[in-house]
Visitor: 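Quick one: this structure, given as structure tokens, is what I'll be asking you about.
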There are 2 protein chains.
Amino acid sequence: MMVSSKGRYALQVMMDIAKNEGDGYVSVADISERQHLPLKYLEVIVGILNKGGMLSSLRGKNGGYRLNKAPDEYSISEILNLTEGSLAPVECVKGHTAGCENAATCMTLPLWIGLDRVIEDYLSNISLQDVVDGNIKDF
Amino acid sequence: MMVSSKGRYALQVMMDIAKNEGDGYVSVADISERQHLPLKYLEVIVGILNKGGMLSSLRGKNGGYRLNKAPDEYSISEILNLTEGSLAPVECVKGHTAGCENAATCMTLPLWIGLDRVIEDYLSNISLQDVVDGNIKDF
DNA sequence: ATAATATCCTACAGAAAGGATAGGAATTAA
DNA sequence: TTAATTCCTATCCTTTCTGTAGGATATTAT
């Protein structure tokens with residue numbers, strides 16, 4: 001029941017780019033250095049974010065990555081769902097197909113659907129900008 | 001970000017005992033058969049529930065397990081926390097110590113604390129009885 | 001052109017966690 | 001005494017996690 005380092009690093013990457021992209025691109029080497037995260041692993045993770053349409057890239061000198069939209073347009077949910085594959089707490093609530101062959105009689109399914117929903121609700125209402133700004137209410 | 005089979009099976013075990021304990025004890029063999037779950041694995045899981053104080057046991061013939069309190073006195077949170085070890089989404093919000101050495105400056109910590117809380121809130125407000133009764137609102 | 005700087009691609013590898021199984025010791029009821 | 005049952009804990013196989021490695025490809029500055 002844990003968010004893996006892949007997802008956590010991806011979030012750090014997105015935050016770092018949000019903070020450091022001026023008009024140019026942010027390189028993975030710079031992110032790696034600032035965030036103290038392994039370069040080669042970040043290359044893999046950034047590749048996922050890029051292929052998933054969250055970033056644009058530019059190769060070569062002065063190249064790197066930049067956000068495709070404003071930081072307040074990214075929800076934490078979409079970032080984590082992309083990098084983690086899914087945030088579903090159990091297999092049977094993945095991909096909104098909701099259930100195995102016993103779904104009709106499964107007494108625990110509603111529980112998992114409800115849990116999935118509170119997680120999704122929470123994370124989809126927090127933006128990248130919110131995290132960068134330290135703007136997370138309550139707690 | 002998944003609840004493991006250990007936690008899911010533990011929940012099934014608790015539900016099965018809740019349903020099937022009359023005045024006597026429920027054996028693991030019976031649970032295994034009714035729920036179609038591996039006996040030897042269930043023995044391990046039930047051991048955790050027992051040592052954690054959720055069940056009482058009786059050895060020998062006609063032995064087995066029974067609940068220590070009424071089904072509506074168990075929250076799903078306590079069952080899953082016991083068997084999973086923790087439901088915290090990241091290492092640094094385990095055990096209410098909240099944080100690593102960088103906690104003071106970590107921008108993502110509030111996010112994880114908040115996520116932990118919505119999960120905990122949801123699961124602590126649903127009882128074993130609710131699940132057995134199919135009494136989970138919404139969705 | 002060329003050199004330097006980046007991304008991009010994908011296979012591999014060690015460590016940790018997940019998901020059981022195995023075998024028997026201890027206890028209890030009939 | 002015997003059958004049934006919990007109890008204990010070591011082991012094992014598989015999958016996932018967490019990276020690493022090495023190079024191919026593209027871009028820009030000079």
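Below, read A as the first sequence line, B as the second, and so on, with proteins coming before strands; counting in each chain starts at 1.
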Visitor: Would you mind reading off the distance between Arg59(B) atom CZ and dG24(C) atom C1', rounded to a whole angstrom?
Guide: 12 Å
Visitor: Check for me, please, whether Val13(A) and Leu58(A) land in the same ILVMFWY cluster - side-chain distances under 4.5 Å, paths through other members count.
Guide: no
Visitor: Starting at atom CG of Asn50(B), determine the distance to atom C1' of dC8(D), rounded to an integer number of angstrom.
Guide: 12 Å
Visitor: Quick check: does any side chain N or O of Asp116(B) sit under 3.5 Å from a backbone N or O of Trp112(B), one acting as donor and the other as acceptor?
Guide: no
Visitor: Would you indicate whether Glu33(A), at its atom CD, is surrounded by more than 12 heavy atoms from other residues, nucleotides or ligands within a distance under 6.0 Å?
Guide: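 For Glu33(A), atom CD is not crowded (no more than 12 foreign heavy atoms under 6.0 Å).
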Visitor: What's the NZ-P distance between Lys51(B) and dC8(D), to the nearest Å?
Guide: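 Checked: the NZ to P distance equals 6 Å.
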Visitor: Identify all pairs in which a protein N or O lies below 3.5 Å from an N or O of nucleotides 14-23 of chain C, and state each distance.
Guide:
{"unit_1": "dG19(C)", "atom_1": "OP2", "unit_2": "Ser5(B)", "atom_2": "N", "d": "3.0"}
{"unit_1": "dG19(C)", "atom_1": "OP2", "unit_2": "Ser5(B)", "atom_2": "OG", "d": "3.1"}
{"unit_1": "dA20(C)", "atom_1": "OP2", "unit_2": "Tyr9(B)", "atom_2": "OH", "d": "2.9"}
{"unit_1": "dG23(C)", "atom_1": "N7", "unit_2": "Lys40(B)", "atom_2": "NZ", "d": "3.4"}
{"unit_1": "dG23(C)", "atom_1": "O6", "unit_2": "Lys40(B)", "atom_2": "NZ", "d": "2.8"}

Visitor: Given atom OH of Tyr65(A) and atom P of dA6(C), what is their separation to the nearest angstrom?
Guide: 12 Å
Visitor: Evaluate the side-chain proximity of Tyr74(B) to Asn68(B): yes if any heavy-atom separation is below 4.5 Å, no if none is.
Guide: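 With C-beta onward as the side chain, the pair touches.
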Visitor: Could you tell me how far apart Lys61(B) (NZ) and dT1(D) (C1') are, to the nearest whole angstrom?
Guide: 11 Å
Visitor: Take Glu21(A) and Lys69(A) through the test salt bridge (Lys or Arg N to Asp or Glu O under 4.0 Å) and record every step on the way to the result.
Guide: CA-CA 12 Å; Glu21(A) 68 174 358; Lys69(A) 42 183 183 177; over 6 Å; no
Visitor: Rounded to whole angstrom units, what separation is found between the CD1 atom of Ile48(A) and the P atom of dG19(D)?
Guide: 13 Å
Visitor: Mind calculating the distance between CZ (Arg66(B)) and P (dT28(C)) to the nearest angstrom?
Guide: 14 Å
Visitor: Please determine, by modelled atom types, if Ser77(A) and Glu120(A) share a side-chain donor-acceptor pair under 3.5 angstrom.
Guide: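 Side chains of Ser77(A) and Glu120(A): pair found under 3.5 Å.
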Visitor: Quick one: Leu49(B) CG to dT6(D) P, roughly how many Å, whole number?
Guide: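 It is 13 Å, rounded to the nearest whole Å.
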Visitor: Please tell me whether Glu84(A) and Ser4(A) have a donor and an acceptor in their side chains that are separated by less than 3.5 angstrom.
Guide: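 Yes, Ser4(A) and Glu84(A) have a side-chain donor paired with an acceptor closer than 3.5 Å.
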Visitor: Nearest nucleotide by nearest heavy atom, which residue falls closer to the 5' end of DNA chain D, Leu58(A) or Gly64(B)?
Guide: Gly64(B)
Visitor: At a heavy-atom distance below 4.0 Å, what parts of residues 21-35 of chain A sit against DNA chain C?
Guide: Ser27(A), Val28(A)
Visitor: Assess, by modelled atom type and distance only, whether the side chains of Asp72(A) and Ser127(A) contain a donor and an acceptor separated by less than 3.5 Å.
Guide: no
Visitor: Determine: side-chain N/O of Ser57(B) to OP1/OP2 of dT5(D), distance under 4.0 Å, yes or no.
Guide: no
Visitor: Among Val28(A), Leu49(A), Val26(A), find the one that has a side chain to side chain contact (heavy atoms under 4.5 Å, CB included) with Tyr65(A).
Guide: Val28(A)
Visitor: Think Asn62(A) has a side-chain N or O under 4.0 angstrom from the OP1 or OP2 of dA6(C)?
Guide: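 Indeed not, no polar side-chain atom of Asn62(A) lies that close.
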